[in-house]
Every structure is written in C-alpha cells, then in structure tokens.
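Here's the structure, in structure tokens; my notes come after.
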Amino acid sequence: MEAFHLLSRGGVNFDKQRFESDVKLFNGSSHKHAIGKEGKVYRDAELPAELDFFKYATSGASKRKSFGLDREGHAKKMKTKKEEAIDGNANTGDEDDSAGDTNAKQSTGPPILSHRVTAKGRHVPESVHTFEELLGRYVIPSQLMVNLRRYGYVHPTGIQASGCPILLESRDLAAISPTGTGKTLSYLLPIMALLSTPISSSKTVAGTGIRAIILAPTRELVSQIYNECLKLSQGRKWRIVLFNKATAATLADKTVQDKVDVVISTPLRLVSSLQSGRLSLHNVRHLILDEADRMLDQEFLAQVQEIVTACTHENIQKAVFSATLPAGAERIALDMLRDPIRVIVGLKDTPLPLIAQSLTYVADDHSKLPTLRAYLSQPYNPPLLIFTSSQPRATSLSEELVLNGIPNVDCLHAGMTKKERNDALSRMRRGESWVMVSTEVMARGMDFKGVREVINYDFPRSVQSYVHRIGRTGRAGREGKALTYFTDEDAPYLKSIANVLLQSGSSVPEWILKLPKPSKLKRKQMGKLKRPEFVNPARRIGKNDAIKKSDMIAGSQRRREKALRERERSQLRSERFADDAGEDSP
DNA sequence: AAAAAAC
C-alpha cells in the first residue's frame, strides 16, 4: 500500500507503453518480441535453439514488476539464483573457485548468437567455425584444448572465431564486440598458444624477460582476467603474474622477470614499477589493451603510452578490445597498431537485444529512493546491480537500503579498502549479494553470469558508460533487464541514451524521441543547475566511514544529505576553501 | 561534459 503510494508520487514507468518492436539479432535476421498485456515476452518460433537452453531466463528476466509476480514466484527466483551462483562461480574462476570440475561442466554456456562480423584490413585470415579447426591451422598446445573443454567452451563466439586466427597469425587487431561475448578468451587463447610456440629467431624464448602484458582499467577486472588465464593454463607451466604491490616487489628481481610469461595489470601499477627502473619490458611480444576506449581516455592515455614506449621489441604484437570505441579512441588505437585488422561484431556502441531496457522518469533526486524502494518491495530477480554516480552516493544508498530492511545489500567502489573490495566481490561471486550498489568501477568487463537486472540509479554520463553498465547482464546468450532512472536534470543527455535503446530493440516513449538535441550552451546551463555533490575528492571515503549512524535518520534522504554537506563543509573550512565549495548557489 | 579509477 505504502509502496504504491510512493510509486505514484515518485515514479512513472514507461515500460507499460511498450507494445511491440522488432529486434534485430546480430546475424542480421530479425525476430519479433511482443510484450503482451501481462508483460510476458512472446517469441517467434525461429528463435535460435541455443537460447532455449536458458528457459529460466525467459521466465523471469523480462517480466515487469508492474505486472506483478506473486510471492511464490519470488521464492522460486531465489532458488534459481542459488543454482546460478554455483554456475557463475565455476565459470568465472573466482579465487573461491574450489568447487571443482563437476560444476564447471554444467556451466557449459550456449553458443552465442551468430553475430554479423565484419573484418577489414590487409589479408584478413579466415575465421574458424570450431576451436578444433584452429588445431589444423596453427600450433596449439593440446592442453589448451583440454582446458577449453573442461571449462565448457564448446562453440567459439563471433569474436573468438574471427579474432583468434588474426592473433595467431601475429597480426595487430582492433576488436569491437558487444558485452558478454567472450572477448577475454579471444585474446587469451591465441596468446597462450603463441607463448608456447618457439620463436624461430631465438632458441631461448624463456629466460629473457616478460613476454606478454594485458592491461585493464580496474583491479577487479585484472583479477578476473587473471583467473581466466589460470583456467586456460592449467596443467602446463606457464608463468602468469597478477601484478600488484606484492608481485611487483618480487618482480623487481631481474631473474624473476626472466621466468614470467604473462603479466596482467592496471596501467598505473605497471608504470610505477617502470619508473622505479626495476622493470624491463624489452622482451614483450604481446600487448593487449582490454576496455581499450577506457584505457585510451584522458586519465589513462599517458600511462598507457609510457608502457607502449617501454615495450621496445620490434616484433611486438598489439591488440585492443572493447564493446565501445568512439572515433577519437579508435584513431589513437589504430595509430598505435601496425597494419591492423579491424573487427566489428554486431553494431558498435550498441547493447545486446537480449537486454530489455527501459527508462523510468523520476522527477528529481529525492524521488529516486522511494521509486527504488517500491521496486524492491516487489519481487525482483537477484542479484541486482545498481549504479550510482559517485562513491558517497553508492555508500549512502546501500546503507539506506539496509535500513529499509532489504536483505543482502552490498556496496563496492574504489574508495573502499582492498580487502573490502575483495570481500564484496567474493560475496557477489558466491551469490550472497542480492543487491549490489556500485560505481563505474563495476561498469566494465565484470562477468557475473547470474546478474539479470541492472538499475541505473544515477543517469550514466555517456553512451559508452550506459552500454557497459547494462552489459553486466545479458551475458553469454542469457536475457537481462536494465532500468534507467532519469530526472529533469538528465534531460540534456536523455535523447542519446534513448537512441541506444531504440537501436538495440527496446522501445522508448515517443515524447523522448521528439526532444530536440540540446545545444552546447543549453547543456552548460543545465550543468550549472546541478546541485553540487557533497564530495571532497581529497578524501577517500570507505564503506565504513562514510556516515555516522547518529547522522542517519531513516527515510530522510534530505536530512542525510544535509548532514553530509555539513561534514564536508566543516572539513573544507579547515582547509580554507569554505567560501566557494559545497554550497547550493542561488 | 564529468566522476571514477589507476598508486
């Protein structure tokens, strides 16, 4: 009752207006998704058979809460969630992955939809249809194939089928493939294979330094890639290093470096080791940039360039991967590569049509929480991933949800300690988190197979951010659901996101499409209207030190913000910045 | 356009 009241005050859901839309699948054919009155998804009979493997997903993922599920349905969801936790664990190779192979065998994913693949460049190698086909064409250690089977990789995805041959022929590659389509394996497999192939020019391949580097933007992603790499290398003596403070110290010893095949790291970590002069990259033959557009944006570019320059071997192979690659980043990437091949799977900057997306209007920031509470008071599909725009907002939202009695709420952002981050991630992997509140740190690359719903609590700041955020669901051929809250302040950016929804087969209320594209000036004005955030960037805010319990008055977001602002202000004052910071300017 | 992330 209360929930209904809040909902009617706080939010309007446009999904009801969604009635029928064509969904283009990546193989170019088109399937009809029709949403009936009960909010159920009906599909054409020609749906690829492999999708039906995930019947559970069809039963839950696309149902709208507004059409109601009964409590029983809710309980059922919880059960499947647990099963999935095992699945996800086995499939992502988390540190806690000690469950063994029995689970891993079950986790055999379906073949991904056959996406439309375009490859451009000189002498593009032909793509393969099966992993075994690679054996006939290239030197692949049999152990790699054994490991593929062991972890349930049966059919190559589009990017794996076309990307592996390219990398195996030692070509440079710029690859764009949607979220959740197996990009990681598409570079790990060739690299591992090439590392065990003797390089004709020198007989002593080992004993001369690090041979491959993989860069990714967040610690969590680096460790996920590392775990994938470990799975693939099982049974053979590849030496793979997850680069962190501890391993960096060990690698400072030159003789240890000589025994390393692959280093997986964040850019800054590697750069700081380079600058200490203890790390040599002269023997690096393979350099991979994962989430390439992120790695090439302003904050990372200089670091990445420093690493690229430090890799002095003339026969270095470079490759970049992402689901999104804006023109600017692509130019930089292509400049970096030598005679590259450019592969695009599906449509650039477009989410998978398997993700049912919708936009929800919430008038202002204060209406978001009631809307979310109402949403969570109905049955939903855990685990649910919620994105906020800043660390303090992630912390306070998660605390607010806990106070509201939402079970198994977790929070993860980069202001937390390493241990807190690890713990939160482990809970997520084990299926113990039902609601995970996070920031952009979770937006890219993270592979939680169980996530069926993503909520953009705060509006994404770019199309790329949107595509990656909602790409945490709908992975490996599963269905997913993505909700995005928008306020009046988000208006300038609404249309570009609405176009993304349209392009990937979700429907958008007509009035949004009729919005004019706001001029730059107007965007600036809108930007100025924004309430300044109560963040002191000089301070790292951890999950546990954000707000005192005494500051928290249940149900009053406004008062809580005021308290936070007070705190920030007094801090700023002591730093003599009081006058122009943290105020609501009139 | 802008916060977050990297040590």
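Just so it is clear: chains get the letters A, B, ... in the order the sequence lines come, proteins before strands, and each one is counted from 1.
- If you check the side chains of A/Asp258 and A/Thr255, you find no donor sitting under 3.5 Å from an acceptor.
- When heavy atoms are screened at a 4.0 angstrom cut-off, A/Pro217 is found touching the sugar-phosphate backbone but no base atom.
- Atom OH in A/Tyr466 sits roughly 22 Å away from atom P in B/dA2 (whole-Å rounding).
- Listed pair A/Arg469 / B/dA4 fails the phosphate criterion, with no side-chain N or O lying under 4.0 Å from OP1 or OP2.
- In this structure, A/Arg393 atom CZ and B/dA4 atom P are separated by 10 Å, rounded to whole Å.
- A/Gln298 places its CD atom 14 Å from the C1' atom of B/dA5, with the value rounded to the nearest Å.
- For A/Ser390, the listed nucleotide lying nearest its side chain is B/dA3; candidates were B/dA6, B/dA3, B/dA5.
- Summarising the geometry, the separation between CG on A/Leu289 and C1' on B/dA6 is reported as 14 Å, rounded to the nearest angstrom.
- At a cut-off of 3.5 Å, with distance as the only test, a side-chain donor of A/Asn283 or A/Thr208 sits close to an acceptor on the other residue.
- What separates NZ of A/Lys418 from P of B/dA6 is a distance of 11 Å, to the nearest Å.
- Comparing B/dA1, B/dA5, B/dA6 by their closest approach to the side chain of A/Arg461 singles out B/dA1.
- Picking from B/dA6, B/dA4, B/dC7 the nucleotide with the shortest atom distance to the side chain of A/Pro392 gives B/dA4.
- OP1 or OP2 of B/dC7 lies within a sub-4.0 Å distance of a side-chain N or O belonging to A/Arg219.
- Between the side chain of A/Gln391 and the base of B/dA3 there is no donor-acceptor pair of N/O atoms closer than 3.5 Å.
- Side-chain proximity of A/Arg294 to the nucleotides B/dC7, B/dA6, B/dA4 is greatest for B/dA4.
- Residue pairs meeting the salt bridge (charged side-chain N to carboxylate O under 4.0 Å, His left out) criterion with at least one partner in residues 319-333 of chain A, sequence neighbours excluded, are A/Glu330-A/Arg342, A/Glu330-A/Lys348.
- Separating the CZ atom of A/Phe243 from the P atom of B/dA6 is a distance of 16 Å, rounded to the nearest angstrom.
- Close to B/dC7, at under 4.0 Å from its OP1 or OP2, lies a side-chain N or O of A/Thr266.
- The CZ-P distance, from A/Phe459 to B/dA2, rounds to 15 Å in whole Å.
- Residues A/Phe459 and A/Tyr485 place their aromatic rings such that the two centres sit no closer than 6.0 Å.
- Under the side-chain hydrogen bond (donor to acceptor under 3.5 Å, both in side chains) criterion, the residue pairs touching residues 316-326 of chain A are A/His286-A/Gln317, A/Asp293-A/Ser322, A/Asp293-A/Thr324, A/Thr324-A/His468, with sequence neighbours excluded.
- Rounded to a whole Å, the CZ atom of A/Phe387 is 11 Å from the P atom of B/dA5.
- Applying the 4.0 Å criterion to OP1 and OP2 of B/dA6, one finds that A/Ser272 has every side-chain N and O outside that range.
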